[in-house]
Chemist: 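The structure is given below, and queries will be raised subsequently.
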Protein chains: 4
Amino acid sequence: MELRIGVIGCGAIGQDHALRIHRKLSGARIVALNDINLAATHAFNDTSRLDAKVYENYQDLINASDVDALLLASWGPAHADQLLACIAAGKPVFCEKPMTTSAESGLRVVEAEVQAGKKLVQVGFMRRFDAGYRALKKTLNAGTIGDALMVHCAHRNPSVPEMYVGDMCITDTFVHEIDVLRWLLDDDYVSAQVVEGRKSRNAHAGLHDPVMVLLETSKGIRIDTEIFVSCRFGYDIQCQVVGEIGAAFLPEPASVALRLEGRASTAIQTDWKQRFIDAYDVELQEWIDATQRGQVNGPTAWDGYFASATAEACVEARHSKAIVPIRLAERPAFYSK
Amino acid sequence: MELRIGVIGCGAIGQDHALRIHRKLSGARIVALNDINLAATHAFNDTSRLDAKVYENYQDLINASDVDALLLASWGPAHADQLLACIAAGKPVFCEKPMTTSAESGLRVVEAEVQAGKKLVQVGFMRRFDAGYRALKKTLNAGTIGDALMVHCAHRNPSVPEMYVGDMCITDTFVHEIDVLRWLLDDDYVSAQVVEGRKSRNAHAGLHDPVMVLLETSKGIRIDTEIFVSCRFGYDIQCQVVGEIGAAFLPEPASVALRLEGRASTAIQTDWKQRFIDAYDVELQEWIDATQRGQVNGPTAWDGYFASATAEACVEARHSKAIVPIRLAERPAFYSK
Amino acid sequence: MELRIGVIGCGAIGQDHALRIHRKLSGARIVALNDINLAATHAFNDTSRLDAKVYENYQDLINASDVDALLLASWGPAHADQLLACIAAGKPVFCEKPMTTSAESGLRVVEAEVQAGKKLVQVGFMRRFDAGYRALKKTLNAGTIGDALMVHCAHRNPSVPEMYVGDMCITDTFVHEIDVLRWLLDDDYVSAQVVEGRKSRNAHAGLHDPVMVLLETSKGIRIDTEIFVSCRFGYDIQCQVVGEIGAAFLPEPASVALRLEGRASTAIQTDWKQRFIDAYDVELQEWIDATQRGQVNGPTAWDGYFASATAEACVEARHSKAIVPIRLAERPAFYSK
Amino acid sequence: MELRIGVIGCGAIGQDHALRIHRKLSGARIVALNDINLAATHAFNDTSRLDAKVYENYQDLINASDVDALLLASWGPAHADQLLACIAAGKPVFCEKPMTTSAESGLRVVEAEVQAGKKLVQVGFMRRFDAGYRALKKTLNAGTIGDALMVHCAHRNPSVPEMYVGDMCITDTFVHEIDVLRWLLDDDYVSAQVVEGRKSRNAHAGLHDPVMVLLETSKGIRIDTEIFVSCRFGYDIQCQVVGEIGAAFLPEPASVALRLEGRASTAIQTDWKQRFIDAYDVELQEWIDATQRGQVNGPTAWDGYFASATAEACVEARHSKAIVPIRLAERPAFYSK
Ligand SMILES: [Mg+2]
Ligand SMILES: [Mg+2]
Ligand SMILES: [Mg+2]
Ligand SMILES: [Mg+2]
């Protein structure tokens with residue numbers, strides 16, 4: 001049976017996901033759409049030939065009897081209420097990151113899910129589905145480099161728009177490392193520190209760029225991440241895990257090597273949309289497949305809450321310049337594997 | 001409307017393709033199966049839940065009214081007759097390589113297709129659909145390295161079974177380079193030479209390994225390819241195009257880099273099935289899509305014939321140790337773009 | 001005229017330097033030797049055919065009329081008095097690192113030199129003479145990557161002896177980065193922090209390994225250095241400078257690349273003595289040449305003092321786990337370029 | 001005792017060698033100079049402060065009682081007579097490549113040396129002294145990749161002057177591979193073939209560029225070398241040896257890696273003089289040291305003759321487009337190790 005999906009939030013990412021399911025993935029179809037911009041949603045439904053039903057409010061969509069599962073791509077502040085409605089309806093939901101805009105509201109989603117007695121929420125951290133990160137995790141799990149001791153990362157963008165300011169280096173950018181490294185290392189964070197580097201003259205007015213975030217895990221692993229969003233040279237995601245007997249690196253994307261003008265070179269991607277484009281496909285296909293089996297095997301509501309709480313500690317650390325402990329609610333046994 | 005596909009030849013590769021279409025690709029479904037081993041075909045149909053109809057002979061399958069298109073994965077010697085039957089039925093057919101086992105029979109397929117007045121045959125040279133070769137072709141077409149002048153290739157396998165002997169280094173192995181380089185360079189071959197290297201002690205009794213094949217194209221481009229099928233260290237496909245102002249290399253597959261035991265390393269694949277696994281998906285999905293539009297945009301019958309004729313010249317060159325001209329029938333205008 | 005050199009301290013490094021000057025470099029010869037172990041010094045003089053005069057005390061050697069310049073390779077605690085004697089004698093002296101074992105005694109050397117009114121002391125930080133670091137500095141100075149903003153380093157040894165404990169990760173190991181990065185960036189340090197990573201099970205009892213040191217420069221550049229002296233896989237020196245428009249990396253030593261057993265690899269050196277062996281030659285040859293011209297153009301007494309003061313701050317930071325400001329005496333104008 | 005050297009031929013390379021010995025190497029000094037341009041030779045002697053004696057004819061220089069050994073950097077056609085004079089005088093001689101301009105005259109040098117009963121001649125093939133080729137040879141000798149089966153090389157220059165025409169791709173360029181590969185593989189050549197690639201539009205009028213040379217060795221090893229002297233992108237020397245279980249590559253020169261403008265890159269040298277500059281130092285220092293011991297341990301007169309005979313076969317092959325056997329005089333036992 002095909003999974004019948006309703007999409008809430010039909011902006012750029014919502015449309016991408018809807019078309020991905022419609023044209024490329026198997027086992028599901030889009031049957032319902034909702035967005036605050038109704039006219040645009042009708043237009044999208046028509047031009048894409050989804051032949052879905054357009055709902056004026058998300059509650060009706062969530063409760064529609066022919067909708068089996070939800071895909072949330074609305075803006076962040078709307079997520080908490082929408083997730084609670086999905087949970088109340090007992091329906092599986094894929095929610096784009098961030099799950100919620102605060103740790104506090106994230107914890108309410110966690111509590112509702114625990115109350116409901118069934119995992120329903122998956123959060124859209126796509127890097128867990130990237131072939132490179134998976135290969136790196138496989139290498140770690142195989143013991144090839146021994147136990148992980150340190151992790152050196154970089155998250156670099158060529159540039160960011162003027163609206164990208166203040167703490168967005170944490171909440172929009174570093175949040176991806178927060179989730180994927182916790183999964184990669186199978187470990188939790190205990191403290192955060194943020195160090196501001198020498199500011200680039202290319203960083204726009206409202207932004208201190210680059211910065212470095214230092215995380216410590218419960219096992220004592222030290223993670224440092226350079227966040228540099230006006231680096232100019234590429235969208236460059238680096239992750240080096242140093243273990244007891246060796247070091248392992250996130251694969252560089254394959255590219256045509258050149259010998260040209262006195263340099264031997266390979267490509268660094270410049271468009272972040274291309275870097276993890278395959279991961280989005282895998283993420284949604286696996287979500288469809290797991291949902292069909294009544295499971296959640298991607299990032300859970302707890303993972304979404306953990307990411308929010310860690311991001312909040314990093315933001316505090318950026319402002320205070322102190323080492324900030326990361327304190328969380330107790331982890332419900334419900335989320336144990 | 002979904003394309004209804006009949007599969008002729010349900011051995012390993014036929015089953016792989018059938019399952020690929022059934023489980024992973026979109027726009028088509030398997031409705032009919034045929035193989036000389038009827039019992040195994042019924043078993044496959046059951047265990048894979050294809051719910052297809054199993055035919056006792058391929059002619060009935062080809063002519064079945066609910067079969068829109070054919071997929072040939074039978075053994076090579078059967079291809080020519082089966083292709084002619086498909087053409088006679090006016091039905092599109094995807095034929096695994098080699099299209100035919102001789103240039104002469106390949107030419108009969110070409111002539112039948114020209115007679116029928118419509119391109120129906122696509123040959124299963126999957127490398128044209130590999131992201132790496134496509135990126136390399138894009139680089140060449142962009143003029144990044146100027147016009148191509150020389151091409152250095154290697155086709156290496158860790159080992160081959162005892163049944164792999166004699167000319168199979170050409171007909172089974174080099175045939176992939178024959179097709180993909182002609183497509184890559186948008187050029188035809190005019191002569192072939194084969195040079196036998198010092199024989200490896202790891203090459204089994206019936207095999208001279210390694211060998212080098214030299215091809216010349218109509219534009220004067222020189223191609224050298226090392227074929228080394230007992231190289232032990234990996235399934236290693238190399239392609240370096242040297243142009244007027246630079247050189248471009250087929251991308252190395254992405255892999256976790258390691259620093260371990262005094263070496264910094266990346267992986268070389270060892271299983272040929274993994275090396276082009278994504279290309280098979282792309283190849284069949286694009287075939288389905290093009291077939292839906294009434295087109296063939298992969299390797300044509302002419303390409304299949306050209307590959308056979310080139311392989312025959314290479315085999316002659318291997319035995320004669322002479323430089324052998326590659327002579328073909330005149331190219332029908334039908335195959336011009 | 002050949003520079004006539006007296007060597008004080010004829011252990012391993014002193015003998016290496018003496019033989020280097022005797023057999024490989026040009027423009028100087030060894031005329032005098034001194035060491036607390038007189039018998040071994042006589043033996044070395046004989047077997048190496050240096051034909052030098054062996055002195056029972058270093059004062060006589062320093063003041064000998066046929067000794068033009070001194071090379072100090074005695075143990076660290078002896079350096080301060082010996083340097084003061086050289087300065088008093090008005091003779092140029094090459095002093096192995098560390099210049100002195102405390103910032104306080106380093107400052108006394110600085111003050112004596114300023115008093116003497118002439119630069120006489122060069123400190124043996126050989127990395128400034130390494131072709132790789134020089135190429136990196138040239139790249140930075142050319143503006144290729146814009147202004148430096150962050151620097152990511154690693155200093156890894158396969159293992160260290162049992163006697164290597166406590167703060168030696170700073171005083172013996174990191175001290176090389178302290179000097180060379182200051183030179184590379186043409187900048188001074190203002191604060192230090194030390195973060196202890198998860199301890200490797202391969203680290204011996206008296207050692208917390210790995211650690212990370214964070215330095216901030218007066219321009220705001222952030223430097224992080226992983227120090228991991230039981231890393232097992234190699235003697236691995238990494239230095240990545242991130243600038244406003246690009247990143248530049250210390251060259252990896254050239255090595256034979258291999259394709260073997262499923263891996264494509266290059267070598268990581270395992271013996272630290274080999275890593276900078278060419279730099280020692282350049283260091284001493286340039287010292288000889290500059291001394292002949294009456295100049296010092298390597299690391300000065302001020303640089304030696306700065307390294308000691310920075311190392312002391314790092315040691316304090318390691319123990320206190322706080323961010324420690326680096327405070328120095330005012331730089332005498334004497335050391336301005 | 002210092003080796004007293006007379007230099008015959010004081011053009012660019014002769015001056016380079018003289019200054020190298022004078023300023024950088026140890027154990028020898030330049031005592032005599034000769035060149036057809038006497039005025040320039042006197043000027044060179046003065047400006048370089050060699051304080052050597054300038055001879056009007058090379059015979060007198062060779063026979064001067066205070067000249068222990070000769071360095072020939074005259075033009076090629078003069079070498080044969082000068083070498084015979086050195087041999088007649090019983091003096092060791094370092095002769096720049098080519099040893100002679102024909103195999104026939106090379107054989108006369110060989111015969112004279114055999115007659116004299118003592119090896120005196122070393123030919124200036126500097127690649128045997130390059131750290132990279134030596135590391136590659138060490139890898140082969142260690143058995144790391146098993147026995148060598150094939151060798152793939154490239155010899156690329158960004159451009160060549162207008163005077164570089166015709167067979168110079170063999171006699172000036174490929175001659176380096178001829179010598180170094182024979183040494184690397186410890187094997188002799190038995191046949192040669194030359195294949196002309198598609199001509200680059202950047203190749204000047206008198207030159208077919210690129211070409212590929214194919215050599216076969218007595219052990220059956222196949223060597224292919226792309227010679228491309230208007231490749232524009234760099235002075236790029238490649239050598240890949242394919243063995244029974246792996247492949248080994250000539251090290252790429254170390255360089256600063258960059259991440260810049262969407263590319264990760266390392267440098268390709270563009271100036272051939274820089275590529276082997278260290279090898280020249282090692283070559284002459286080892287020649288001085290061996291000469292002091294009364295030995296020749298670099299390329300011998302036999303090696304010089306072999307290179308000439310091979311080059312002549314390659315030239316014939318380039319013109320005839322046939323596979324040309326390489327025939328030599330019988331190797332005198334005198335040259336056995
Ligand atoms: Mg996502
Ligand atoms: Mg195929
Ligand atoms: Mg030193
Ligand atoms: Mg030479």
Side-chain angles (χ1 to χ4, degrees), chain C residues 2 19-29 130-146 152 184 238-267 269 274-275 277-278 281-282 285 289, chain D residues 2 19-29 130-146 152 184 238-267 269 274-275 277-278 281-282 285 289:
Chain C
E2 278 196 319
L19 294 177
R20 182 171 278 121
I21 290 166
H22 183 50
R23 295 179 182 163
K24 200 163 179 187
L25 306 182
S26 67
R29 69 175 196 275
D130 171 62
Y133 275 108
R134 286 183 163 191
L136 183 55
K137 186 167 175 62
K138 196 173 164 188
T139 300
L140 298 182
N141 290 350
T144 308
I145 62 166
H152 308 303
L184 183 71
Q238 299 285 327
C239 180
Q240 174 187 183
V241 182
V242 180
E244 292 172 306
I245 59 168
F249 298 73
L250 182 68
E252 297 275 345
S255 78
V256 171
L258 295 174
R259 297 181 85 78
L260 200 66
E261 295 178 353
R263 305 295 296 177
S265 69
T266 50
Q269 290 180 322
Q274 296 305 308
R275 180 65 178 83
I277 198 161
D278 290 341
D281 289 351
V282 177
Q285 185 66 62
D289 297 347
Chain D
E2 278 195 320
L19 294 178
R20 182 171 279 120
I21 290 166
H22 183 50
R23 295 180 181 162
K24 200 162 179 188
L25 307 182
S26 66
R29 69 175 196 275
D130 171 62
Y133 275 108
R134 287 184 161 189
L136 183 56
K137 186 167 176 61
K138 195 173 166 189
T139 299
L140 297 181
N141 290 350
T144 308
I145 63 166
H152 308 304
L184 183 71
Q238 299 285 328
C239 180
Q240 174 186 184
V241 182
V242 180
E244 291 173 307
I245 59 168
F249 298 72
L250 183 68
E252 297 275 345
S255 78
V256 171
L258 294 175
R259 297 181 86 79
L260 199 66
E261 295 178 352
R263 305 295 297 176
S265 69
T266 50
Q269 290 179 323
Q274 297 305 308
R275 180 64 178 83
I277 198 161
D278 290 341
D281 289 351
V282 177
Q285 185 66 62
D289 297 347

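Below, chains carry the letters A, B, ... as their sequence lines are ordered, and counting in each starts from 1.
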Chemist: Distance from D/Ser255 atom OG to C/Leu250 atom CG, nearest 0.5 Å?
Modeler: 11.0 Å
Chemist: Do you know which of D/Ala248, D/Ala131, D/Ser26 has the most heavy-atom pairs with chain C at a distance under 4.5 angstrom?
Modeler: D/Ala248
Chemist: What is the distance from atom NZ of C/Lys24 to atom CD of D/Gln285, rounded to the nearest 0.5 Å?
Modeler: 9.5 Å
Chemist: Out of curiosity, D/Leu260 CG to C/Ile145 CD1, how far, rounded to the nearest 0.5 Å?
Modeler: 8.5 Å
Chemist: Got a second to check how far C/Phe249's CZ is from D/Thr266's OG1, nearest 0.5 Å?
Modeler: 11.5 Å
Chemist: Is the CD atom of D/Glu261 crowded by more than 12 outside heavy atoms at less than 6.0 Å?
Modeler: no
Chemist: How many angstroms lie between CG in C/Asp278 and CG in D/Asp278, if you round to the nearest 0.5 Å?
Modeler: 8.0 Å
Chemist: Going by heavy atoms in the side chains, are D/Val256 and C/Thr144 under 4.5 Å from each other?
Modeler: no
